[in-house]
Amino acid sequence: MKVTVFAPINVALIKYWGKEDNQLRLPANDSLSVCLTNLGTTTTVEWDKNLNQDLADSRMKRQLDKVRKIAQINWRAKVVTKNNFPSGAGLSSSASGLAALTLAATAAAGLKLPEKDLSRLARLGSGSACRSIPDGWVEWSKGDDKTSYAKTIFPTDYWNLRILVVIVSDKKKLVSSTAGQELAFTSPFYKARVKSMAAKIKKIKAAIKQKNFTELGKIMEADCLNMHRVMRTQQPELNYLLPETKTVMQAVKKWREEGLESYFTINTGQNALVFCEPKNENKLVERLEKIEGVIEVRRDKIGKGARLLT
Ligand code: PMV
């Protein structure tokens, strides 16, 4: 059977950086994210008895092996996958990519896994991929191999926020999230960060419940800066930000002080994600596009998780 799926990228408001178990991809802390509507990966998988090797890259092959084991098949797969945004540039292409592959490969093998099992399996491919399976506002609990998966905590249409994807460069990062996270523990700030995470999750959930945008934005931005502080103080140090990224960060802060409210978050890459309320979207896009070094601003909103297209 041939199956095509779409999986969105997810943006963590409270991030994870560092794992308790690198093999099983168990995070050191819980994290909280939203799925986007437009940015994501479209993947087609077809299992074929007559192929003698998988038509896929090595990370995908390892994920296909897991699906073969569950489905008890020994066929090879043809995989065609496409991101509609720059890959490896801080926009979570591994999250949408591994989530899409997991859903497509299982469905094409005739498996209908419950959402939590799909999320768990996606986690084994790339930690944050588990958060691209459920819809809307999503929490990933650290747990153990069985209990570490992501689930929806508020539905897609719960709160109409906008996410502006600010692209300053499509250059691929030199150090992957997986490799970078393995050395998170070398930062003197790492332990304190991990210790502070449960309280942050509690606080941001209260802000979401009250639909308090200012509180949500403050917690999200502070967590992003805290994570990048850990990265910068790891050994060897990691800096994913470009001068243009910093210009965007400073502009967002300045406009906020002037009354135009938005908050940024940044992953392992140079591109920024700016959260705002719909009333400020047009003005912010107009201003962001004028910043020297900004190539493109993509508009997005909170969306559904991975789903079958055909
Ligand atoms: O799961 P990975 O290896 O793609 O790590 C992603 C880590 C961050 O994007 C930096 C944070 C997060 O929680 O998404």
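Numbering of ligands and ligand atoms starts at 1, following listing order.
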**Student:** Quick one: does ligand 1 sit under 4.0 Å from the side chain of A12, the backbone, both or neither, non-hydrogen atoms only?
**Tutor:** side chain

**Student:** Under 4.0 Å from any heavy atom of S128, which atoms of ligand 1 are there?
**Tutor:**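 Every atom of ligand 1 under 4.0 Å from some heavy atom of S128: 1 (O), 2 (P), 4 (O), 6 (C).
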
**Student:** State whether the side chain of N29 and the backbone N or O of M197 hold a donor-acceptor pair below 3.5 Å, judged by distance alone.
**Tutor:** no

**Student:** Should N10 be counted as touching ligand 1, given the test is an N or O pair under 3.5 Å?
**Tutor:** no

**Student:** I'd like to know whether the aromatic ring centres of W140 and Y16 sit less than 6.0 Å apart in this structure.
**Tutor:** yes

**Student:** Could you tell me which atoms of ligand 1, counted from 1 in the order shown, lie closer than 4.0 angstrom to a heavy atom of N267?
**Tutor:**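 Listed by number with element, the hits are 9 (O).
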
**Student:** Using a 3.5 Å cut-off on N or O atoms only, is Q181 in polar contact with ligand 1?
**Tutor:**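 Yes.
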
**Student:** Cationic tip of R287 within the cone over W255's six-membered ring, i.e. under 6.0 Å and within 45° of the normal?
**Tutor:**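 So R287 does make the cation-pi contact.
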
**Student:** Going through the checks in order, is the side-chain hydrogen bond (donor to acceptor under 3.5 Å, both in side chains) test met by E261 and T214?
**Tutor:** CA-CA 8 Å; E261 195 177 20; T214 302; 2.6 Å; yes

**Student:** For atom 2 (P) of ligand 1, what's the nearest protein heavy atom and its distance?
**Tutor:**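 Answer for atom 2 (P) of ligand 1: Y16 OH, 3.3 Å.
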
**Student:** Cut-off 3.5 Å, side chains only: do R232 and N239 have a donor facing an acceptor?
**Tutor:**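 N239 and R232 do not have a side-chain donor-acceptor pair below 3.5 Å.
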
**Student:** Is the distance from the ring center of F275 to that of F264 below 6.0 Å?
**Tutor:** no

**Student:** Side chains of K173 and T268: any donor to acceptor distance under 3.5 Å?
**Tutor:** yes

**Student:** Which bit of R25 gets closer than 4.0 Å to ligand 1, counting heavy atoms only: side chain, backbone, both or neither?
**Tutor:** neither

**Student:** Quick one: which of I9, L39, V274 gives a side-chain contact (heavy atoms from CB on, under 4.5 Å) with V165?
**Tutor:** L39

**Student:** So is R131 polar-close to ligand 1, meaning N/O to N/O under 3.5 Å?
**Tutor:** yes

**Student:** Check ligand 1 against S94 and write out every atom of the ligand that is under 4.0 Å from a heavy-atom position of the residue.
**Tutor:** 4 (O)

**Student:** Which atoms of ligand 1 are found less than 4.0 Å from any heavy atom of G127?
**Tutor:** 1 (O)

**Student:** Is it true that S31 lies under 4.0 Å from ligand 1, counting heavy atoms only?
**Tutor:** no

**Student:** Enumerate the atoms of ligand 1 whose separation from the nearest heavy atom of K15 is less than 4.0 angstrom.
**Tutor:** 11 (C), 13 (O)

